[in-house]
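Sequence lines set the chain letters: A, B, ... in the order given, protein chains first and strands last, and positions in each chain run from 1.
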2 protein chains.
Amino acid sequence: MTTKTKIMKAAEELFAHGGFHHTTMRAITSKAGVNLSAVNYHFGSKEALLTAIFDMHWTPINEERVQRLSRVAKKSQEEPQPPTIEEAMRSFIEPTFALFQSGASGGYFRIIVGRALSEPDQTVREIFLHRVMPVIEMLKDLLCQAMPRTSRAEVSWKLRFALGAMSQTLTGHNQPPLFYLGEEKVSSGVVDLLIGFIVKGMQE
Amino acid sequence: MTTKTKIMKAAEELFAHGGFHHTTMRAITSKAGVNLSAVNYHFGSKEALLTAIFDMHWTPINEERVQRLSRVAKKSQEEPQPPTIEEAMRSFIEPTFALFQSGASGGYFRIIVGRALSEPDQTVREIFLHRVMPVIEMLKDLLCQAMPRTSRAEVSWKLRFALGAMSQTLTGHNQPPLFYLGEEKVSSGVVDLLIGFIVKGMQE
DNA sequence: GACCATTTCAAACAACTGTTTTAACTATGC
DNA sequence: GCATAGTTAAAACAGTTGTTTGAAATGGTC
């Protein structure tokens, strides 16, 4: 395993566990078993390291999201009927939760994503928002078509509720308990439970 | 206005805007217009300052929550029918959103609370969890009665979805945009929209 | 083996962190 | 008017932060 990979793997876990700001370069390089200056040499800065981690996992996920959302949009243009809330939300949510299955490293990344929604740190927030906003807009447009009797402002709020619920599922894990209610187990069934919750909640 | 009050007011806004870790003592005392050492003199430490802010707003809100939840629990014991999802969730949510109306300072505190759910910083998390867990357990018990055909694990997840949605409403404000979808406005109608979303989402 | 670019390493850097110290100030009670 | 307790002030504290430096080591190519 290359130094670069070792750093990314270690940083991902530490960022997920303790957040970006709280994680020090020394903690990262120590866990990775490399020299302190290796991060600046290979990535340039701590922030660039986070960006690299983000892009590695985020890009393939987002491509699938855009593809599926485009397909739904196209279908609704060809057929006379608008898209359903469920197919719109599924196109967005399901690719995201591939993170649950994508090996050990993805398992940590999903926590970073789950937290990004209410992240106070401007560095993290900007990296995240810049990547998620375009696809959010696509999703919102589809939802407006799916809920023709609902104002765009109300759709925006409902979408935000949905993203909040989704965020909790992404950060949801058994240990360490960030906010562990004591009864949940992360399994594939949870994604369907989440989608069911959101679809019912959004209904006009 | 006393030095203590000046500090709490300034810190609350800064904690809400930039998070606990990122906000420095110098930023707080500078904004409050007091000497740097005043925080340690009046509160003991930065962490104790956060605790003081938390307790000031949290205590009255939580008392009302517990009162209302107890009333619902008692009523469901006397009458033959179980509580509804809506009255359980309303008892929990509505007192929280008094923060929206409780003047300028409360307006900042609600952001701190909204973020706490996915907070990576252990200091903040522990302060928050220690205070919110007991009432969450009360709420969960009521919800299990309201959804007798649903397993406790599933109720736990649904409650977590609900808290995630609620978190987004608490942090929801027009500026600065932490995660601003562009269309929302925070008004009293949002709370009803949120409750409607959650109640429908939870339905068996 | 000599040359080269690439990578690693230990050490130091300046800037910033929360906290402590010690002296100065302010008001109150007698 | 003076002692006293409470509060404020400037300065320094020790520790940590991300980053930079310049030398040492490494690995491939001729």
Side-chain angles (χ1 to χ4, degrees), chain A residues 1-56 108 112 115-116 119-128, chain B residues 1-56 108 112 115-116 119-128:
Chain A
M1 191 156 47
T2 68
T3 302
K4 225 172 163 173
T5 318
K6 277 193 262 183
I7 292 173
M8 289 179 88
K9 227 172 138 86
E12 197 175 303
E13 187 171 340
L14 290 171
F15 286 158
H17 186 263
F20 177 73
H21 239 94
H22 182 257
T23 303
T24 68
M25 302 282 264
R26 281 158 185 85
I28 296 168
T29 50
S30 169
K31 187 179 177 69
V34 302
N35 189 270
L36 170 62
S37 52
V39 173
N40 288 287
Y41 176 78
H42 285 282
F43 296 92
S45 68
K46 188 186 176 186
E47 181 177 337
L49 168 60
L50 177 62
T51 307
I53 292 172
F54 220 101
D55 283 332
M56 180 177 65
Y108 291 113
I112 299 175
R115 284 227 199 87
E119 175 65 53
D121 186 286
Q122 224 176 4
T123 307
V124 183
R125 192 166 59 216
E126 271 171 22
I127 292 173
F128 173 73
Chain B
M1 190 156 47
T2 67
T3 302
K4 225 172 162 175
T5 318
K6 278 193 261 183
I7 292 172
M8 289 179 88
K9 228 173 138 87
E12 196 174 303
E13 187 170 341
L14 291 171
F15 285 158
H17 187 264
F20 176 73
H21 238 94
H22 182 257
T23 303
T24 67
M25 301 281 265
R26 281 159 184 84
I28 296 168
T29 51
S30 169
K31 187 178 178 67
V34 302
N35 189 271
L36 169 62
S37 53
V39 173
N40 288 286
Y41 176 77
H42 285 283
F43 296 92
S45 68
K46 188 185 177 187
E47 182 178 337
L49 168 59
L50 176 63
T51 307
I53 292 172
F54 219 100
D55 283 333
M56 180 176 66
Y108 291 113
I112 300 176
R115 284 228 198 87
E119 175 66 54
D121 187 286
Q122 225 176 4
T123 306
V124 184
R125 192 167 60 216
E126 272 171 21
I127 292 174
F128 173 74

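In this structure, A/Arg115 and B/Glu119 have side chains that are not in contact, with every pair of non-hydrogen atoms separated by 4.5 Å or more.
Nearest heavy-atom pair, B/Ile53 versus B/Ala11, reported as atom, atom and distance to 0.1 Å: CD1-CB, 3.7 Å. Nearest heavy-atom pair across A/Gly18 and A/Thr23 is C-OG1, 4.3 Å. The heavy-atom pair separating B/Thr29 from B/Asn35 by the smallest distance is CG2-O, 3.3 Å.
Between B/His22 and A/His21, the gap from one ring centroid to the other is short of 6.0 Å.
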Using a 4.0 Å cut-off on protein heavy atoms (strictly under), produce a 5'-to-3' string for nucleotides 5-17 of chain D with B for base contact, S for backbone-only sugar-phosphate contact, and - for none. -SBBBB-B----B

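Note that A/Lys46 lies in the cation-pi zone of A/Phe20, set by a 6.0 Å cut-off to the ring centre and a 45° limit from the axis.
One can place CD1 of A/Ile7 at 11 Å from C1' of C/dT7, the figure rounded to the nearest angstrom. The distance between atom NZ of A/Lys4 and atom C1' of C/dT6, rounded to the nearest whole Å, is 13 Å. When the C1' atom of C/dC9 is taken as reference, atom NZ of A/Lys6 falls 14 Å away, rounded to whole Å. We find that CG of A/Asn40 is positioned 17 Å from P of C/dC13, with the value rounded to whole Å.
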